[in-house]
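One structure is given below, encoded as structure tokens.
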2 protein chains.
Amino acid sequence: MPCSPDPSPHDVAVELKLAVGQLVRRLRAQIGSGELTLSQLSAMARLESHGPMTTADLARAEAVKPQSMGAVLASLEPAGLVERRPHPTDGRQILFALTPLGVKERHRRSAAQQQWMETALSRLSRKELHTLAAATPLIKRLSGG
Amino acid sequence: MPCSPDPSPHDVAVELKLAVGQLVRRLRAQIGSGELTLSQLSAMARLESHGPMTTADLARAEAVKPQSMGAVLASLEPAGLVERRPHPTDGRQILFALTPLGVKERHRRSAAQQQWMETALSRLSRKELHTLAAATPLIKRLSGG
DNA sequence: TATTGTTATACTCTATAACTATA
DNA sequence: TATAGTTATAGAGTATAACAATA
């Protein structure tokens, strides 16, 4: 097997940036009526894996300002997908938690995106799918996750 | 070396979707005043590599509607980064081209993002950087590019 | 009639700034 | 005084719908 030269961090940065922007646009175009957006799904996924969190902590984790995260949570709360709970010791803080309905709807309301993505992945070879599976946690680590 | 089991397309789809959303938010948070956004950079990069394109073709390539691409181009034109040229045979169509100024400014006006991304990449091992370099064209292929 | 582009309007996601309540 | 959250406002990026010009 030939030994490929080390990739340049500069080139990887430029190309990866464009590639993820492109994929996000393509995913957004698949969102059907009544489905959840990427920002909503991301906040819900984090609440499910991490447990109840405050607006400020969620905002830090998602790399947005607390006011921006407040808007995302405000779009999920009336639908019953997340709920607020008082903080046990600090009256200023509010803990947001994914509801049982939220757990269920998170999957149901992202079916179109999910199906599109799985179809696109099915066109890759086994080896290529392995490469993407290995790259995914690295992309998360770049983002500080 | 142990042979890792085949990754599930379903799980890769879910995780990759969240990972790229996260990276896009993190990148957006690095954009300084006067710098170009991801959408602007993506359109400019495509015009540079592909040559002059119509609004409709650019929109298709970027997976947005023609009206949306029109807005992006309208943000670049007054700054002199792109220019319009008449289509040689079809009076309805307008070709947009990256200007020499656009070529130069594309790099200068994304320095903060670029530096953040290169710093983040520098924390990876050689092997991990190779994995990301190999994954980048696959991500582009998922998006149809 | 079909296609390209533009204009008008609206929604999501994000930001900054100013405010309220609690520590 | 400092911190958590909310409200008000704005800008970018997207969408749909209606329109004008050209093929």
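Each chain gets a letter, A, B and so on, in the order its sequence line appears, and its residues count up from 1. Because only heavy atoms are used, hydrogens play no part in the values below, and waters and symmetry mates are left out as well, while side chains stay in.
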So what does [X] hit on the nucleic acid, given a heavy-atom distance under 4.0 Å: a base, only sugar-phosphate, or nothing?
| X | result |
| --- | --- |
| S68(A) | base |
| T55(A) | sugar-phosphate |
| G91(B) | sugar-phosphate |
| T54(A) | sugar-phosphate |

Nearest to the side chain of [X] - [options]?
| X | options | result |
| --- | --- | --- |
| A56(A) | dT7(D), dG5(D), dT14(C) | dG5(D) |
| Q93(B) | dG5(C), dT14(C), dT6(D) | dG5(C) |
| R92(B) | dT3(C), dT14(C), dG5(C) | dT3(C) |
| Q67(B) | dA12(D), dT6(D), dT7(C) | dT7(C) |

Interatomic distance where [atom1] belongs to [X] and [atom2] belongs to [N] [whole Å]:
| X | N | atom1 | atom2 | answer |
| --- | --- | --- | --- | --- |
| R26(B) | dA15(C) | CZ | P | 11 Å |
| I94(A) | dT7(D) | CD1 | P | 10 Å |
| Q30(A) | dT14(D) | CD | C1' | 14 Å |
| L95(A) | dA4(D) | CG | P | 12 Å |
| L27(B) | dT14(C) | CG | P | 13 Å |
| L73(B) | dA12(D) | CG | P | 15 Å |
| H87(A) | dA4(D) | NE2 | C1' | 11 Å |
| M69(B) | dT4(C) | CE | P | 15 Å |

For dT6(D) and R84(A) - does any side-chain N or O of the residue sit under 4.0 Å from the phosphate oxygens OP1/OP2?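 Checking R84(A) against dT6(D): at least one side-chain N or O falls below 4.0 Å of OP1 or OP2.
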Would you say S39(B) places a side-chain N or O within less than 4.0 Å of OP1 or OP2 belonging to dA12(D)?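 Result: no.
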Separation of [Y] [atom2] from [X] [atom1] (nearest 0.5 Å):
| X | Y | atom1 | atom2 | answer |
| --- | --- | --- | --- | --- |
| E15(B) | M117(A) | CD | CE | 10.5 Å |
| Q93(A) | D57(A) | CD | CG | 7.5 Å |
| L23(B) | I139(A) | CG | CD1 | 6.5 Å |

With M44(B) as reference, evaluate V103(B), L98(B), L73(B), T99(B) under the side-chain contact (heavy atoms from CB on, under 4.5 Å) test and give the passing residue.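 Exactly one option meets the side-chain contact (heavy atoms from CB on, under 4.5 Å) with M44(B), and it is L98(B).
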Both D90(A) and Q40(B) contact DNA chain D. Which one's nearest nucleotide lies toward the 5' end?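 Its nucleotide being nearer the 5' end, the pick is D90(A).
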Take L38(A) and Q113(A), measure what side-chain contact (heavy atoms from CB on, under 4.5 Å) needs, and give me the verdict at the end. CA-CA 10 Å; L38(A) 276 178; Q113(A) 271 178 73; 3.8 Å; yes
On a heavy-atom basis, which atom in S143(A) and which in Q22(B) lie closest, and how many Å separate them?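 So the minimum-distance heavy-atom pair works out to CB-CG, 3.6 Å.
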T89(A) vs T37(A), nearer the 5' end of DNA chain C by closest nucleotide: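 Counting from the 5' end, the first nearest nucleotide belongs to T37(A).
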Side-chain-base donor-acceptor pair under 3.5 Å for R28(B) and dT14(C):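 Not at all, since no donor on one side and acceptor on the other fall under 3.5 Å apart.
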